[in-house]
Amino acid sequence: MLAVARCIVHRDLLLALRRRSDVATALLFFVIVARLFPLGVGAEPNLLRAIAPGVIWVAALLSSMLSLARLFAADHADGTLEQMLLGASPLGVVVVAKGLAHWLVSGLPLVAIAPLIALQYDLAPGLYGVLALSLLLGTPVLSLIGAIGAALTLGLRGGGVLLALLVLPLYVPVLILGAGSVEMAAAGLAPDGQLLLLGALLVVAGPSRHGPSRPRCA
């Protein structure tokens, strides 16, 4: 099963390299949204520090949704998805592998750049690690939940709107826990509870089915 997942992730990453504009679009959207808020609310330092965790997390959430509609669309169009479904590997492994590839392309760059975005909000240096860790635990959950919504809306007309309606309510706990962990750390309290809950959500969102398979990757 690990070999199957590795093959799928490797394939999706190669395809993403050929569509670099999609990766750049999500990252640019995250940067633009996060940088526009200080222009709209003013440059008062205390206000910026207060809204920083929520703004950065909302921007990351919306950025991760940009490419969800295309998660299975290309494979569905050329018949690759049908071959994956007919294969011997568990379906859960296939979905998690594609969700992991989506996170590596659209989520991991956000984790890397978030501390730089936090500089303009005058966050304390000690909070950068908590912010990055919360995004590192939370953004994979967004990709895995989004994969379920993308599968349910695959092939539907206007599926992008329906996808947003399906996954946004499920994203709310991740958003609350992720932003709340940074706010707890800013208040001088331990953010361990929120971070552990994010880790638990990541475990729950992972594969729930396992079975024997004999994958071969060309």
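Side chains included, hydrogens not; waters and symmetry mates left out as well; all remaining heavy atoms used. Numbers for residues simply follow the sequence, beginning at 1.
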Identify all side-chain donor-acceptor contacts of residues 180-206 below 3.5 Å with residues at least two apart in sequence or on another chain.
from	atom 1	to	atom 2	distance (Å)
S181	OG	G178	O	2.7

Got a list of side-chain donor-acceptor pairs under 3.5 Å for residues 102-118, not counting sequence neighbours?
from	atom 1	to	atom 2	distance (Å)
H102	ND1	S106	OG	3.3
H102	ND1	S143	OG	3.0
H102	NE2	S64	O	3.4
H102	NE2	S67	OG	2.9
H102	NE2	S106	OG	3.4
W103	NE1	T139	OG1	2.7
S106	OG	H102	O	2.7

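Tracing side-chain contacts under 4.5 Å through hydrophobic residues (I, L, V, M, F, W, Y), one reaches V41 starting from V58; they form part of the same cluster. Note on L119: it clusters hydrophobically with L131, by side-chain heavy-atom contacts below 4.5 Å among ILVMFWY residues.
In this structure, the side chains of L168 and M65 come closer than 4.5 Å at one or more pairs of heavy atoms. When side chains are defined from C-beta on, I51 counts as touching L47, because their heavy atoms get closer than 4.5 Å. Inter-residue side-chain proximity for L62 and F30 is flagged as unmet; no heavy-atom pair is nearer than 4.5 Å. Counting heavy atoms from C-beta outward, L13 and L17 have side chains that stay 4.5 Å or more apart. Considering only heavy atoms from C-beta on, D75 comes within 4.5 Å of R11 through its side chain.
In this structure, the salt bridge (charged side-chain N to carboxylate O under 4.0 Å, His left out) partners of D12, at least two apart in sequence or on a different chain, are K98. For F37, the side chain to side chain contact (heavy atoms under 4.5 Å, CB included) partners are V33, V55, Y121, not counting sequence neighbours. Under the side chain to side chain contact (heavy atoms under 4.5 Å, CB included) criterion, D122 pairs with P45, R49, sequence neighbours left out.
The two residues V95 and A147 have their closest heavy-atom pair at CG1-CB, 4.0 Å. Smallest separation of non-hydrogen atoms from L66 and A26: CD1-CA, 3.9 Å. Closest non-hydrogen pair, P173 versus P169, comes out as CD-O, 3.7 Å. When all heavy atoms of G146 and V167 are compared, the closest pair comes out as CA-CG1, 4.1 Å. The two residues A60 and L135 make their nearest non-hydrogen contact at CB-CD2, 4.0 Å.
Among pairs with a residue in residues 103-117, none fulfils salt bridge (Lys or Arg N to Asp or Glu O under 4.0 Å), at least two apart in sequence or across chains. For residues 169-182, no pair satisfies salt bridge (Lys or Arg N to Asp or Glu O under 4.0 Å), with sequence neighbours left out. Within the structure, every pair that satisfies the side-chain hydrogen bond (donor to acceptor under 3.5 Å, both in side chains) test and touches residues 50-62, not counting sequence neighbours, is listed here: W57-S134. Judged as a side-chain hydrogen bond (donor to acceptor under 3.5 Å, both in side chains), not a single pair has a partner in residues 169-179 (not counting sequence neighbours).
Between the CG atom in L68 and the CD1 atom in I145 there is a gap of 10.5 Å [rounded to 0.5 Å]. A distance of 9.5 Å separates CG in L163 from CG in L71, rounded to the nearest 0.5 Å.
In the hydrophobic clustering, L28 connects to I32, L36, L39, either directly or through intervening members, whenever side-chain heavy atoms lie under 4.5 Å apart.
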